[in-house]
Amino acid sequence: MLKTFTSDLRHNLIKIFCLSTGLAIGMLLVAKVYFEKTFDTLLPDAEKIHIVSESITTNGEYKEYAQTAGGIAPALKRYVPQIENATRFVEFFGETNVELPDGRKFAAKGIALTDSCFFDVFRQKTYLGDPHEVLAVEWNCMIPRSLAERMGEDVIGKALTSQAAPGMQAVIGGIYEDFPENSVMKNQIYMSLSTIGHFAYDGRENMVGNDSYKSYVTYSPDVSYDDIKPNIRRMLTENISKEFLEDSHYNILTDPLVGYYANQPGVRTMDWILTALAAIILLSASLNYLLIVLGQMQWRSKEMAVRKCFGTDNRKIFSMILGESLAYMIVSLGLAVLIIASLKKECLQLLGVDAFTLLMTDRIWILDLIVCLVMLAITGILPAWLFCRTPVSGAFRKSGNGKKFWKLALLSVQFFVSGFLFCFLVLIMRQYCMIDNADLGYDYKDVAIADINTIPEENRQTLISELRRLGSVERVATATMDFSQWGYGNNLWPAGHTEKQYNYS
C-alpha cells in the first residue's frame, strides 16, 4: 500500500485533498440539516408537548402569534381535562452577566420568569432542589448545570445580581440538566414568575393583552386539537367579552412542538439549500477522485495484469482496490476533522452552531456513516470494477482509447456539477447582498448602536454626556430598545378611528 502511494505521490495527495475538503464541508452541511430537522425531538416526552398560540383577524387580515396572554396556560389546564400540564414563561433579559456575592461574574444565556409547572412540561432532569418549591417562591431560580459547573462550588442559596436588572437578587434554589442545543428552550436562568411585579406589569392572570408569554401544554395520549376545541371555546366565551371575540375572531391554537421549528418556511428553504449544496460538494469531491484514478489506470492496469498472470483472481484485485479506497477515506476523514477543528470559529460564524456540537448531535453518526459509505461506493467500487474488467492483453497496449469514454463522461458530469455549484453560490451571494442592502426606511450611514444595559443606571447619563462632548459625534439619542431589531407589540389606531387597529412589533 505504501509503495503504491509513493509511486504517484502527487496525484495521491491530490486525491486525499479532494476527499478531505469535500468530507469536511459536506459532513458539516449534512450535520447542520440534521440538527435543524431534529429540533426539539431530543426533549423528554417531546411528542406530548404542544406550543400554544393565538390567532386574530385585524382589518380582514388573519395572523397567528406564538405568544399568549399570561392567563391562557393555567386556564387551559383548568378547562381542558385532556391537558396534563401547562406552563408559561416570559423572557425578560437576553444574554447577560450575573455576579455572585464574592464578585465573580459569569455569562448567562438569559433570564426568564416562569411558573412552578415549567419542569412538569419540560421534564429535564433536576439535580438539586424541587422545581415546584423553588419556582413558587419570589426571587428563587433554577440554573443550568453548565452554569453551576462554571461557578465551581456549592451555589445553592447564593444570590445572583445583574447590572442589566438593577435590584435583582435571584436566589439559586436548584440546578437542572441543560437542554439540548437543537431545542427551542434556552439554557438560561429560570426565576419564579411571582417576581415579575418587580420588573414590569404583572399580567399573569390576563386573558387578553400583554401577550408576551410563551405557553406550552402536554396532551394526554391519543388526544388531538379537535378533541379539545369545545373546551377551548368554552374557556374563551366565559373569560373574554363577546364583542372582542366576534370583532377579532380571537382563538387559541395548539401545535405539536416537534416539527414546529423545522416546518417554518424559512427553515425548510434553508435546509433544501444546504442539502443541495452538500450533495454537490460531496459529488464533486468523489468525481475528482475518480478522474485522478482514471488518469492512473494506464500504468496501474499493467500492474493488475501482471498480478493476474501470477494467479491473482478478480475477487482479490477487487478487494485490494476497495481496500486502498477505504484507506484513503479513513485518512481523509481524519484530515477533515482536523480541518473542522482548525476552522472552528469560522464554522460557528457561518452555521450559527459549534461545529463539534453539530457532529455530536444524537445519531448523526449514522448519517455520517451513510455519507462515507456512499462516497466509498463511488470512489472504490467503480475503480475496482474497471480494473477487474480490463483484459490482460489490453493492459499492455499503448493506446488508452478504451478509457476515453469514462474520462469524458465523468469530466462532463464534473463540469456540470462545478457550473451548477458556481451558479448556486452566485445566487446565494446575490440574495445576501439584496438583504444586506435593503432599504430600511431610514439613513443608517454613520449611525452606531451601543448596548448600555449592563451599565448601572446612575452612570448612564454621565456616559451620554461624555459621548456628546466628542468631536466625532454629531448627535446622541437613547431608547429602551434597539428599534432596528424589534419592538413591543402594542396596538395602535388613528385618533377617532378605533375601527382601524394596527399591531406593531
Side-chain angles (χ1 to χ4, degrees), residues 1-27 30 278-279 281-339 364-411 413-414 417:
M1 174 66 186
L2 183 60
K3 185 178 180 181
T4 302
F5 178 77
T6 55
S7 61
D8 194 1
L9 185 61
R10 180 169 60 90
H11 287 102
N12 290 330
L13 288 176
I14 294 174
K15 286 196 289 186
I16 292 176
F17 174 77
C18 292
L19 286 180
S20 299
T21 53
L23 282 171
I25 300 173
M27 288 175 62
V30 169
I281 290 174
L282 291 171
L283 180 60
S284 180
S286 301
L287 290 176
N288 282 331
Y289 183 97
L290 278 178
L291 285 169
I292 295 172
V293 170
L294 289 176
Q296 295 175 322
M297 285 196 72
Q298 184 65 35
W299 64 271
R300 289 217 67 189
S301 295
K302 296 179 181 180
E303 175 194 342
M304 299 305 158
V306 171
R307 290 178 181 273
K308 288 180 180 179
C309 291
F310 281 93
T312 304
D313 58 15
N314 284 337
R315 183 172 59 83
K316 290 184 179 180
I317 291 176
F318 189 93
S319 300
M320 184 183 69
I321 299 300
L322 189 61
E324 290 179 6
S325 299
L326 178 60
Y328 283 121
M329 182 68 67
I330 293 173
V331 173
S332 300
L333 194 59
L335 290 175
V337 174
L338 292 177
I339 292 172
I364 185 61
W365 63 271
I366 298 177
L367 201 55
D368 287 337
L369 180 61
I370 293 173
V371 169
C372 292
L373 289 176
V374 171
M375 290 192 69
L376 182 61
I378 297 173
T379 60
I381 293 178
L382 183 57
W385 177 75
L386 286 174
F387 278 118
C388 293
R389 185 173 174 269
T390 302
V392 174
S393 58
F396 292 99
R397 294 174 185 169
K398 293 183 180 181
S399 175
N401 292 331
K403 303 297 180 295
K404 279 188 177 180
F405 171 76
W406 285 102
K407 292 178 183 178
L408 291 174
L410 289 175
L411 196 58
V413 174
Q414 176 74 332
V417 170

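A quick note: this is a predicted structure, and the numbers were derived from the prediction, not measured.
The two residues Gly26 and Ile281 have their closest heavy-atom pair at N-CG2, 4.4 Å. The minimum heavy-atom distance between Gly22 and Ala285, with the atom names listed, is CA-CB, 3.8 Å. Minimum interatomic distance between Leu282 and Met375 (heavy atoms only, all atoms of both residues): CD2-SD, 3.6 Å. The two residues Ala278 and Val30 have their closest heavy-atom pair at CB-CG2, 4.0 Å.
Residues satisfying the side-chain contact (heavy atoms from CB on, under 4.5 Å) test with Ile378, not counting sequence neighbours, are Ser286, Leu290, Val374. Every residue two or more places apart in sequence or in another chain that forms a side-chain contact (heavy atoms from CB on, under 4.5 Å) with Leu373 is listed here: Leu369. Remark: Asp368 pairs with no residue by the side-chain hydrogen bond (donor to acceptor under 3.5 Å, both in side chains) rule, at least two apart or across chains. Evaluation of the side-chain contact (heavy atoms from CB on, under 4.5 Å) rule for Ile381 yields Phe318, Leu322, Ala377 as partners, not counting sequence neighbours. Partners of Ala24 by side-chain contact (heavy atoms from CB on, under 4.5 Å), not counting sequence neighbours, listed by chain and number: Ala336, Ile339, Ile340.
Between atom CD of residue Glu324 and atom OG of residue Ser319 there is a gap of 11.5 Å, rounded to the nearest 0.5 Å. Rounding to the nearest 0.5 angstrom, the gap separating the CG atom in Leu291 from the CD1 atom in Ile14 is 12.0 Å.
When atom types are taken as modelled, the side chain of Thr379 and the backbone of Ser325 share no donor-acceptor pair closer than 3.5 angstrom.
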